[in-house]
Amino acid sequence: MFNYLNELNPQQREAVLHLDGPLMIIAGAGSGKTKVLTTRIAHLMANGVDSFKILALTFTNKAAKEMKERVEKILINREARNLYIGTFHSVFARILRAEAPRVGYPTAFTIYDTDDAKSVLKTVINELHLDDKIYKPATVYNRISSAKNALVTAEEYAKDFGLQQEDARANRPAIAQVYTAYAKRCFKNGAMDFDDLLLQFYLILKNHPDALHKYQHKFSHIMIDEYQDTNPAQYEIIKLLGAMHENVCVVGDDAQSIYAFRGATIENILLFRKDYDDVKIIKLEQNYRSTKQILNVANQVIGNNKGQIPKELWTENGEGDKIKLVRTMTDNDEGKFVADAIQEQKLRNHFFNRDFAILYRTNAQSRAMEESLRRMNIPYTIFGGISFYQRKEVKDYVAYLRIIVNPSDEEALKRIINFPVRGIGKTSLDRLILVANEQSITMWEVLTRAASFGFKAGTLEAIENFVLMIKSFASMLKNSNAYDVAFHVGKQTGLVRELFNDKSTEGVQRYENVQELLNSIKEWVDDKQNRAQIDEDGVMLDEGMRDEGEGMREENAALFSANLEVEANGPEDPNTKKPLREDVLLSAYLQQITLLTDADNKDEHADTVKMMTIHAAKGLEFSCVFAVGLEEMLFPSAMSINTREELEEERRLFYVVITRAKHKLWISYANTRYKFGQVVQNEPSRFINELPEDHLDRSYAGGGFRNQSSGPSASERMKGWGGSGGATPQNRTYFNEPKKQPEKPTYLPIQPPVSKPIAHQPSADFSPSDTTDLKAGQQVEHQKFGFGEVLKMEGAAHNPIATIQFKLNGEKKIMLNYAKLRIVE
DNA sequence: CGACTGAGTCGGTGG
DNA sequence: GACTCAGTCG
């Protein structure tokens with residue numbers, strides 16, 4: 001082991017050497033925070049701390065992964081893999097697999113993402129007969145989320161006079177009811193939302209002394225990254241967990257606190273000092289990232305905020321260029337400028353694509369950038385926006401997997417009950433929900449006992465087949481790993497085949513996405529199995545769950561899979577088959593993917609220009625940064641200019657974007673910009689005025705960059721050929737655009753067949769025939785389309801579809817249940 | 001039942 | 001401009 005301590009400056013070393021007792025590290029941007037954290041972990045282990053007892057919590061999977069890798073690099077032995085490093089959400093989710101039954105949840109509980117949660121909210125809002133124009137799911141979701149982040153349960157919420165008043169003033173007096181109903185429904189579904197992962201864990205620690213005791217012992221040393229981003233729930237949990245050893249080390253930078261909107265509070269930094277008797281405080285102020293010019297600008301900007309923890313970042317790095325201030329006429333010109341500048345820098349200074357980042361306030365701003373980069377043939381990757389696992393086709397597939405692991409999961413059930421079509425339509429679904437609510441049972445229970453609720457014969461048969469199918473999948477859980485189950489499900493349901501048969505561009509993409517999903521499951525299973533083989537003691541300790549004890553684990557594994565079959569096949573002899581190890585089980589996989597974000601699936605090392613929001617860029621660094629859209633109403637956001645607190649958070653955001661840059665920084669704004677399809681004019685951001693003049697290069701700001709081209713602008717020229725700028729999720733990572741796209745829109749899409757039918761006067765004696773036995777080859781007459789010949793018959797028995805070649809109107813697909821056809825011969 | 005269409009809406013950041 | 005929702009039609 002090399003002497004890692006030599007790599008540190010005095011402050012960093014001091015932080016690493018402080019092994020026991022509370023420690024707070026105030027780490028300025030680019031001051032080597034991750035290095036200190038990882039070195040400290042290594043040092044703890046070198047000094048005899050059991051690697052299983054170290055807990056490190058981050059906010060992103062990426063940060064967790066990086067930390068793991070860097071610890072592994074320092075340590076030569078393989079101890080690093082025993083560390084408990086992860087995001088708050090993933091670590092707590094893992095613990096909850098073992099502890100959730102204490103609060104009445106199943107071990108294989110489902111984690112609802114934001115879409116699932118909003119969908120549940122929509123359901124309960126409707127059931128409460130509230131107007132969903134006023135009680136918008138998104139708004140209500142945020143409100144409930146804030147409550148949970150502040151550890152306010154539905155009960156407490158309803159009792160809190162202040163909250164009731166706030167809601168009344170906002171014309172949403174029934175939020176408390178919605179919260180209660182929502183919580184109840186999630187519980188019934190065996191599902192937790194993101195915030196529940198914190199709230200429920202907290203409740204368990206608070207109400208179950210033995211659980212608290214267990215985890216206090218389990219984690220002798222705790223480290224928290226990005227401490228300024230913690231919310232009260234996280235704060236309280238850390239406080240509980242750390243209360244026994246008091247070996248809590250937090251790292252944060254108040255200047256980079258940008259997550260107040262999801263409940264984070266800087267208060268936690270102040271509170272930390274009060275919670276322990278002697279908190280060691282260390283400041284890291286030497287910046288290793290940026291040039292002097294950039295750092296000076298950053299320092300000045302943040303100086304406009306009141307109440308910062310005093311610190312002054314400095315650097316030994318070179319002077320560097322001045323910051324380039326750019327003004328353009330339109331948002332499209334802004335994009336064009338950025339693309340040109342990237343091209344120029346690549347040629348002149350030999351930068352790679354990967355050296356550039358375009359950072360913006362809102363995701364919507366990516367479009368103008370994309371268009372110009374595409375036009376210049378510059379490869380780019382957009383981070384943020386819709387995650388792979390949120391895509392419809394992927395989510396549908398996953399819904400099947402969810403339902404077999406947790407049949408109470410109503411959201412999953414609703415997605416797939418009639419997909420692919422199996423004759424359980426909206427009417428039947430409504431009925432099902434009605435019965436479930438009346439009887440206070442889950443939809444799944446209604447399905448399993450459908451016969452006793454008087455569904456009509458056809459529907460009943462469809463339901464019974466469906467139930468049988470799901471049960472047969474569930475019976476696989478016990479003996480098969482996640483991949484085998486998933487593969488089987490795809491095959492049996494016809495999901496994969498259906499997508500395969502769709503040869504449209506989107507269809508092919510969807511098929512590929514589903515293949516990708518299967519690959520990811522395979523990879524996950526293989527990875528887990530490989531890791532497992534390394535352990536000699538045969539105990540599954542993968543991510544540090546060893547202390548749970550073997551008995552516990554098997555019990556869990558049995559529980560997961562038993563869930564369904566108990567009713568399906570009767571209790572099984574537990575001795576016939578050994579239960580599968582927990583970590584290759586489908587339920588574990590499902591919980592994990594919900595916590596993945598868009599960024600976790602993309603290659604950050606690819607040689608592409610990176611585009612993302614400033615929020616998403618926190619913790620990252622780039623040689624060249626374009627901070628775009630510095631306009632009033634956009635940055636600062638129109639919604640954040642009413643209070644000092646809000647405005648200061650926007651300013652911190654500005655500070656964050658400046659400090660992402662290592663060598664070169666452009667700050668740009670446009671005079672006009674499209675918003676909701678309309679042009680709006682904006683003033684330059686007030687933050688521009690806070691930039692120190694002597695560090696600015698204004699040669700692009702005097703209107704020097706105008707709409708200089710004589711012809712129509714890039715975006716205008718691109719209009720009309722397809723794609724809304726390529727912002728579709730499928731092709732967000734874009735490599736060398738094939739040159740098939742002409743400079744001018746000479747290509748027009750093929751016109752779809754004429755949609756208006758050529759008039760046909762029905763025969764005088766027209767009367768619809770019984771078409772149940774219609775066969776290919778028969779001659780028919782259609783009320784509107786006229787005479788034709790049946791080419792083929794397809795579709796399910798309850799919904800037959802005929803393809804008919806009409807003499808006047810060409811080939812059409814006709815659904816016999818609705819169309820009126822007369823059989824001629 | 002489901003694909004299509006026109007109208008209406010739009011508050012942003014994320015695990 | 002993009003997305004969702006209610007209504008229409010085959």
Side-chain angles (χ1 to χ4, degrees), chain A residues 57-64 86-93 111-114 117 122 132-133 136-139 142 145 149 193-198 226 229 231 234 258-264 331 359-365 367-368 383-387 418-419 421-429 594-600 612-618 633-640 646 649-650 652-653 656 673-679 715 719 724-725 727-728 752 755 757 782-785 795-796 798-802 804 812-821:
Chain A
L57 296 172
T58 65
F59 277 85
T60 64
N61 293 303
K62 221 181 125 201
T87 65
F88 279 91
H89 289 89
S90 71
V91 167
F92 294 174
I111 299 174
Y112 277 169
D113 66 18
T114 327
K122 207 176 158 186
D132 60 7
K133 293 270 161 10
K136 280 180 235 156
T139 313
N142 285 334
S145 174
N149 286 330
D193 64 20
F194 289 138
D195 305 310
D196 281 326
L197 296 176
L198 309 183
E226 308 277 14
D229 289 337
N231 61 37
Q234 289 156 333
I258 53 174
Y259 280 109
F261 73 90
R262 63 179 196 207
D331 48 350
L359 307 177
Y360 33 74
R361 178 69 238 267
T362 67
N363 279 309
Q365 288 165 259
R367 229 197 67 250
F383 288 79
I386 193 160
S387 145
N418 200 33
F419 179 81
V421 186
R422 55 173 66 86
I424 310 175
K426 190 167 184 319
T427 326
S428 313
L429 184 62
T594 317
L595 299 172
L596 292 180
T597 59
D598 177 59
D600 298 318
M612 66 192 89
T613 64
I614 301 169
H615 282 90
K618 190 158 76 130
M633 313 303 279
L634 183 64
F635 193 5
S637 158
M639 294 151 260
S640 304
E646 288 170 344
E649 175 144 323
E650 295 285 308
R652 289 193 292 270
L653 200 52
V656 168
R673 177 177 298 278
Y674 275 92
K675 199 182 181 189
F676 301 142
Q678 278 187 320
V679 180
S715 62
K719 261 177 205 148
S724 43
T728 49
S755 53
H782 186 272
Q783 222 172 355
K784 279 191 187 149
F785 299 143
H798 59 87
N799 185 26
I801 299 163
I804 300 175
K812 292 210 181 301
K813 292 204 171 201
I814 304 285
M815 297 174 87
L816 297 182
N817 288 357
Y818 309 102
K820 293 186 170 59
L821 278 184

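Only this structure's heavy atoms are used, side chains among them; waters, hydrogens and symmetry mates stay out. Protein chains get the first letters and strands the later ones, always in sequence-line order, with residue 1 at the start of each. Since this is a predicted model, take the numbers as computed values, not measurements.
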| Are His615(A) and Tyr360(A) near enough that their ring centres are under 6.0 Å apart? | no
| Just checking, any donor-acceptor pair under 3.5 angstrom between side chains of Asn142(A) and Ser145(A)? | no
| task | Determine the Euclidean distance between corresponding C1' atoms of dC5(C) and dG12(B); express it in Å to zero decimal places. | result | 23 Å
| So does Asn418(A) get a side-chain nitrogen or oxygen closer than 4.0 Å to the phosphate oxygens (OP1/OP2) of dG2(B)? | yes
| Identified pairing partner of dC10(B), criterion: Watson-Crick or G-U wobble below 3.5 Å | dG1(C)
| task | Would you kindly give the CD-to-P distance between Gln365(A) and dA2(C), to the nearest whole Å? | result | 15 Å
| Looking only at atom C1', what distance separates dG11(B) and dA6(C), rounded to whole Å? | 24 Å
| When every nucleotide of nucleotides 8-14 of chain B is labelled 5' to 3' by its protein contacts under 4.0 Å (heavy atoms), B for base, S for sugar-phosphate only, - for none, what sequence of letters results? | --BBBBB
| query | So, does Asn149(A) use its side chain to make a donor-acceptor pair with the main chain of Leu198(A) at under 3.5 Å? | reply | no
| field | Straight-line distance of Leu596(A) CG to Asp113(A) CG, nearest 0.5 Å | value | 11.5 Å
| task | Just call it for Lys618(A): base, sugar-phosphate, or nothing, with non-hydrogen atoms closer than 4.0 Å on any strand. | result | nothing
| Hey, what's the ring geometry for His89(A) with Phe194(A), parallel, tilted or perpendicular (30° and 60° as the breaks)? | perpendicular
| Sidechain-backbone polar pair: Gln365(A) side chain, Arg361(A) backbone, donor-acceptor under 3.5 Å | yes
| task | Scan Lys675(A) against the nucleic acid and name what it touches under 4.0 Å (heavy atoms): base, sugar-phosphate only, or nothing. | result | nothing
